[in-house]
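One structure below.
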Amino acid sequence: MPELPDVEGFRRTLDSCGRGRQIKKVEVADAGVLRGVSAPRFARALEGRRFVAVERRGKWLIARVEGGAVVLLHFGMTGQLLCSPSTDPPHRHDRVRVLLDGGLELRYRDQRKLQGLRLATSQAAAERALAGQGPDALAVGREYFRGELGVRRAKVKAVLMDQSALAGLGNLLADEILWRAHLHPATAANQLSGRDVDRLYSTMRQVLHLSVRAQRVPARRSWLTGHREAKTLQCPRCGSSLLRGKFAGRTSVWCPYCQPER
DNA sequence: AGTAGATCCTGGCGGC
DNA sequence: TGCCGCCAGGATCTAC
C-alpha cells in the first residue's frame, strides 16, 4: 500500500493529530517493528515530549521530537498510521501506540513488519539514516530527472522504483505512470528519447498530484490501477488484453498495444 | 552496472 | 475442512 501518496497521508495524520501535543505514553505491543532501538529506550525518548515537526521524504515519514530526537517511520508493504481515540479497542496489528494528551493516540499498524520505526538521537543522525534516499519524486526538477534517466542502462521501471535515484515511487505508481506515458516498462532508461523523458516527467507529476489528493493511487476505472486485480485484464484506454510479468522482481501490468516493446 | 534470487514477515486465496 | 504453495503496492544483501 504505502507509496509516496499514502505516506503523505500519514504525514498529514501525524501532523494534525500529533504535532504540538504532549506524548503521555508509548506502548510497544510488538518490538519487532523497532529497528536498532529497544522498546524502553524508544519510549523514554518520546514520553513527556511533543512532536514539533513532521516531514516526508519519499516513503519515509520523519517526526521531530522536542529535545532533538527524530523518529523515522517506514511502512513497508502493509503499514499504516492512524489517529484514534484511546478508547477504541486496539487492532491486532497495532504494533506501537503513542498516547497523546487530549485522548487521542497514534497507531503504527502493520501486518507484515517488513519495515518499521527507527530512532535517531539528533538531526545529523537522521540525515545519515536517510543518506541513501534520492530527492523526493515530487520535489525533483525536470533537469535532474533527465540526467538521472539518461545515464542509467537499467529498465526504466527499475530506475523509477530505485529510491536512491528518486524517492517515493513504488510498484503501482511506476506501472501507472509508464502506462500513461505509453512506455514499455522494460525499455532501457538511456534509450528513451528526449520527448519520451519529458512526457514521462510530466506524467509522473500529474499522477503524483492526483494520487496525493486521494492519499493513494486511485483505483478508478480510468486508471490502470483499477484493473490490475481483475480476472480479465483489459486496458482502460484501448480495450486490449493487458499483460502481466516480472521486472526488477516485481509484478508489472502493461498494455502491449499502448506500450509497445522496443 | 545491472539483475535474479533469497530473505525479512504475515495472511488471504486457489487448488487438491 | 485441512494443508500447501503462491502471491502481495518494500527493501536489502549476495552472487553472477
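- Taking atom CZ of residue A:R95 and atom P of nucleotide B:dC9, one finds them 12 Å apart after rounding to whole Å.
- In this structure, A:M161 places its CE atom 13 Å from C1' of C:dA8, rounding to the nearest Å.
- Under the side-chain contact (heavy atoms from CB on, under 4.5 Å) criterion, A:R44 pairs with A:P40, A:R41, not counting sequence neighbours.
- The distance from atom NE2 of A:H91 to atom P of B:dT10 is 15 Å, rounded to the nearest whole Å.
- Side-chain N/O atoms of A:R112 include none lying less than 4.0 angstrom from OP1 or OP2 on B:dC8.
- Distances from the side chain of A:K246 to the nucleotides C:dA8, B:dT10, C:dG9 place C:dA8 closest.
- With B:dA4, C:dG9, B:dC9 as the choices, the nucleotide that has an atom nearest any side-chain atom of A:L172 turns out to be C:dG9.
- For the OP1/OP2 pair of B:dC9 and a distance below 4.0 Å, the side-chain nitrogens and oxygens of A:T78 include no atom meeting the criterion.
- Look at A:K155 and you won't find any side-chain N or O under 4.0 angstrom from OP1 or OP2 of B:dG2.
- Among the protein residues, A:R35 comes within range of no part of the nucleic acid, since none of its heavy atoms lies under 4.0 Å from any strand.
- When distances are taken from the side chain of A:K113 to each of B:dC9, C:dA8, B:dT3, the shortest belongs to B:dC9.
- If you take CZ of A:R109 and C1' of B:dT10, they are 15 Å apart, rounded to a whole angstrom.
- For A:Q163 and C:dT12, the CD to P distance is 8 Å, given to the nearest whole Å.
- Ring geometry for A:W254 against A:F247 counts as tilted: the plane angle lies between 30° and 60°, on a 0 to 90° scale.
- Side-chain atoms of A:R244 lie closest to C:dA8 of the nucleotides B:dA1, B:dT3, C:dA8.
- Across all strands, A:D175 comes closer than 4.0 Å to no nucleic acid atom at all (heavy-atom distances).
- Ion pair A:D101/A:R21 not flagged as a salt bridge, since none of the NZ, NE, NH1 or NH2 atoms sits closer than 4.0 Å to an Asp/Glu carboxylate oxygen.
- In this model, the phosphate group of C:dA11 is approached by a side-chain N or O of A:K59 to a distance below 4.0 Å at OP1 or OP2.
- Taking the six-membered ring where tryptophan is involved, the planes of A:F75 and A:F10 are tilted, since the angle between them lies from 30° to 60°.
- The SG atoms of A:C83 and A:C17 are placed within less than 2.5 angstrom of each other.
- Taking atom CD on A:Q191 and atom P on B:dA1, their separation rounds to 18 Å, with Å as the unit.
- When distances run from any side-chain atom of A:L114 to the nucleotides C:dA11, B:dT3, B:dC9, the shortest one goes to B:dC9.
- Of the inter-residue distances, the one linking A:Q191 atom CD with A:L149 atom CG reads 12.5 Å to the nearest 0.5 angstrom.
- A gap of 24 Å separates the C1' atoms of B:dC8 and C:dC3, to the nearest Å.
- For the pair A:T251 and A:W60, nearest-nucleotide mapping onto DNA chain C gives the more 5' position to A:T251.
- Look at A:R97 and A:E27 and you find a salt bridge, because one of the NZ, NE, NH1 or NH2 atoms lies within 4.0 Å of a carboxylate O, short of that distance.
- Rounded to an integer number of Å, the gap from CG of A:L178 to C1' of C:dG9 is 15 Å.
- Going from atom CD of A:Q111 over to atom P of B:dC13 covers 11 Å, rounded to whole Å.
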In dot-bracket, 5' to 3', how would DNA chain B read with Watson-Crick or G-U wobble pairs under 3.5 Å, [ ] for crossing ones and | for pairs to another strand? .|||||||.|||||||
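- Nucleotides C:dG9 and B:dG2 place their C1' atoms 23 Å apart, quoted to the nearest Å.
- The phosphate of B:dC8 has neither OP1 nor OP2 within less than 4.0 Å of any side-chain N or O from A:Q115.
- Annotation: the span from A:L46 atom CG to A:K24 atom NZ amounts to 15.0 Å, rounded to 0.5 Å.
- Between C:dC6 and B:dG5, the two C1' atoms lie 16 Å apart (nearest whole Å).
- At the phosphate of B:dG11, OP1 or OP2 sits under 4.0 Å from a side-chain N or O atom of A:H93.
- Taking only side-chain atoms of A:R228, from C-beta outward, the nucleotide of B:dT3, C:dA11, C:dG9 with the closest atom is C:dG9.
- Within the cation-pi definition used here (under 6.0 Å to the ring centroid, within 45° of the axis), A:R118 does not qualify as a partner of A:W60.
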